[in-house]
There are 2 protein chains.
Amino acid sequence: MIVLLLYLCAQHSNMKDLISTVQIKVNERIYLKDPVSSALGQKIITGSIDLIADIGFEAFTFRKLASSIGSTEASIYRYFESKHKLLLYLTSWHWGWMEYRLVFSLANIEDPVVRLEKAIVLLTNKVEEDHNFAFINEPKLWEIVIAESSKVYLTKDVDQENQDGVFTGYKRLVARIGDIILEINPKYKYPHMLVSSMIEGAHHERYFARHLPKLTNDLKGENSITEFYKDLVFKTIGNAA
Amino acid sequence: MIVLLLYLCAQHSNMKDLISTVQIKVNERIYLKDPVSSALGQKIITGSIDLIADIGFEAFTFRKLASSIGSTEASIYRYFESKHKLLLYLTSWHWGWMEYRLVFSLANIEDPVVRLEKAIVLLTNKVEEDHNFAFINEPKLWEIVIAESSKVYLTKDVDQENQDGVFTGYKRLVARIGDIILEINPKYKYPHMLVSSMIEGAHHERYFARHLPKLTNDLKGENSITEFYKDLVFKTIGNAA
DNA sequence: ACAAATATAATAGTAATACTATCATAATGC
DNA sequence: GCATTATGATAGTATTACTATTATATTTGT
């Protein structure tokens with residue numbers, strides 16, 4: 001997806017124009033038929049985000065989704081072979097979108113410390129709606145990512161799915177930020193571990209703040225999770241922010 | 001459980017004797033009938049650890065468990081109202097056991113820096129078998145905790161279950177280590193966040209090392225996860241180890 | 001504009017899952 | 001040795017996660 005993006009960047013000078021033509025690309029092995037390619041496919045995405053955010057992934061079924069979007073179970077199965085694959089699609093889209101936003105957010109910024117700080121904010125802060133992608137409600141999708149995304153890889157099929165490349169978006173994002181850390185401190189031994197623990201941790205801590213508050217420290221009047229990780233990451237790699 | 005433990009500690013001088021009488025207590029609302037109280041109950045625990053570690057929690061059913069231990073579905077349902085509650089039992093037992101080991105591991109050690117270091121090792125390092133608990137295979141249970149424990153709270157029932165007190169063991173462990181952090185640096189703002197992110201993170205990174213190695217940095221010849229967290233925690237709270 | 005191709009809806013069906021219910025038998029406790 | 005309790009055997013149900021078939025729209029190429 002980023003290849004396409006940079007390619008387009010080189011051809012156009014006006015970003016606003018570009019943005020409306022950008023599409024987040026998701027690994028083709030995740031779906032049977034590209035949901036972006038039809039009205040029904042888009043309704044499946046929009047509707048599943050609403051429904052999963054509402055009732056949770058365990059209670060979510062294609063039958064319920066079908067009735068909520070006025071279609072049928074069999075039609076949905078032509079797009080996704082299982083509800084697990086649909087969740088994988090949603091989270092992959094989220095990672096693709098995050099990478100896209102990261103690339104723009106860091107464009108033309110040289111100082112790696114500033115780059116890293118921006119990356120941390122982007123990955124740990126609340127998500128806002130992005131009107132460039134009409135049929136995706138990003139904040140709602142983010143709620144799903146917080147509560148359900150671990151389930152995407154905590155299965156017995158991880159190794160096979162990983163071989164199929166369905167997690168490359170996430171891995172690329174981690175690598176990208178890991179590289180910034182190495183620019184700041186080339187000797188730091190655990191850049192990927194630090195980044196993945198930050199991303200996963202930010203989700204978990206946000207979930208804890210809502211449901212198991214004793215497990216975290218969500219202080220009033222501050223964006224605790226982002227502050228916590230800014231402090232932690234810069235101290236750990238050995239540079240004051 | 002720790003109340004009982006300290007009480008017994010005060011009465012006996014020989015720990016070895018004590019240990020064989022200790023039992024990890026799990027919140028009564030988790031089970032319908034205490035599995036420790038009967039041979040079948042113990043077989044359910046032993047057998048479910050084997051089976052879940054083998055086939056994963058999604059594929060695990062009471063029917064399969066029944067056949068593997070030579071009993072019936074209906075009999076298992078007399079102990080646990082669902083497979084979710086059984087997983088909750090297993091993870092709660094793990095947290096109770098961790099707390100028990102933590103208390104012993106820190107006994108008579110005054111220096112909070114040493115106490116914290118020991119706590120980090122205990123929570124991030126590989127788990128070894130504990131022969132004081134005959135029908136529980138702790139390393140195998142730990143594998144389940146790594147791969148499945150998030151599923152215990154990532155459900156729509158979290159709030160209700162939390163109110164029922166089923167997560168108190170975990171919360172107590174986090175509070176205990178948070179207190180050590182505050183002894184070292186009373187001004188550190190996020191002790192619980194740091195501890196829970198370390199515990200959860202250690203599980204996730206271990207899972208990544210096996211299944212999605214690009215997301216982490218598991219360096220040869222060292223216990224990377226423990227080293228990573230020792231370094232990270234002490235730098236973050238502001239004390240060299 | 002019309003046939004051909006394709007997408008979707010409607011309906012039905014299946015094996016497995018997550019339980020609940022009932023009753024007989026075995027083990028245990030007083 | 002009788003009452004209680006635990007377990008086993010068996011059956012049944014609603015739901016889930018699919019697959020299959022056919023009919024009807026809708027789109028596409030010419």
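Chain identifiers are assigned alphabetically (A, B, ...) following the order of the sequence lines, protein sequences preceding nucleic acid strands; residue numbering begins at 1 within each chain. Because the structure is predicted, anything quoted here is derived from the model rather than measured.
For E99(B) and R176(B), the salt-bridge test passes: some basic side-chain N is under 4.0 Å from an acidic carboxylate O. Between E205(A) and R210(A), no side-chain nitrogen of the basic residue sits less than 4.0 Å from a carboxylate oxygen of the acidic one, so the salt-bridge criterion is not met. Ion pairing between K33(B) and E81(B) fails under the 4.0 Å rule for side-chain N and carboxylate O. K151(B) has a carboxylate O that lies under 4.0 Å from a charged side-chain N of E58(B), or vice versa, which qualifies the two as a salt bridge.
Close to dT8(C), at under 4.0 Å from its OP1 or OP2, lies a side-chain N or O of K33(A). Listed pair S75(A) / dA9(C) meets the phosphate criterion, a side-chain N or O lying under 4.0 Å from OP1 or OP2. The side chain of K64(A) contributes no N or O atom lying less than 4.0 Å from OP1 or OP2 of dT15(D). Taking only side-chain nitrogens and oxygens, Y77(A) never comes nearer than 4.0 Å to OP1 or OP2 of dA20(D). Residue S71(A) places at least one side-chain N or O under 4.0 Å from the OP1 or OP2 atom of dA9(C).
In this structure, L32(B) places its CG atom 14 Å from C1' of dA6(D), rounding to the nearest Å. Distance R78(A) CZ to dT22(D) P: 14 Å, rounded to the nearest Å. If you take CG of L86(A) and P of dC18(D), they are 12 Å apart, rounded to a whole angstrom. When rounded to the nearest whole Å, the span between CZ of F80(B) and P of dT17(C) equals 20 Å. Between the CD1 atom of I69(A) and the C1' atom of dA7(C) there is a distance of 14 Å, given to the nearest Å. One atom, NZ of K85(A), and another, C1' of dA17(D), lie 14 Å apart when rounded to the nearest Å. In this structure, the CG atom of L40(A) is 15 Å from the C1' atom of dT27(D), given to the nearest Å. To the nearest angstrom, P of dA9(C) lies 7 Å from NZ of K43(A).
When heavy atoms are screened at a 4.0 angstrom cut-off, T61(A) is found touching the sugar-phosphate backbone but no base atom. At a threshold of 4.0 angstrom between heavy atoms, the contacts of E73(A) include nucleobase atoms, whether or not backbone atoms are also involved. Nucleic acid contact for Y79(B): sugar-phosphate only, since backbone atoms but no base atoms lie under 4.0 Å from a heavy atom of the residue.
The aromatic ring centroids of F80(B) and F62(B) lie 6.0 Å or more from each other.
In this structure, A74(A) and R63(A) both approach DNA chain C, and ranking their closest nucleotides by distance from the 5' end singles out A74(A).
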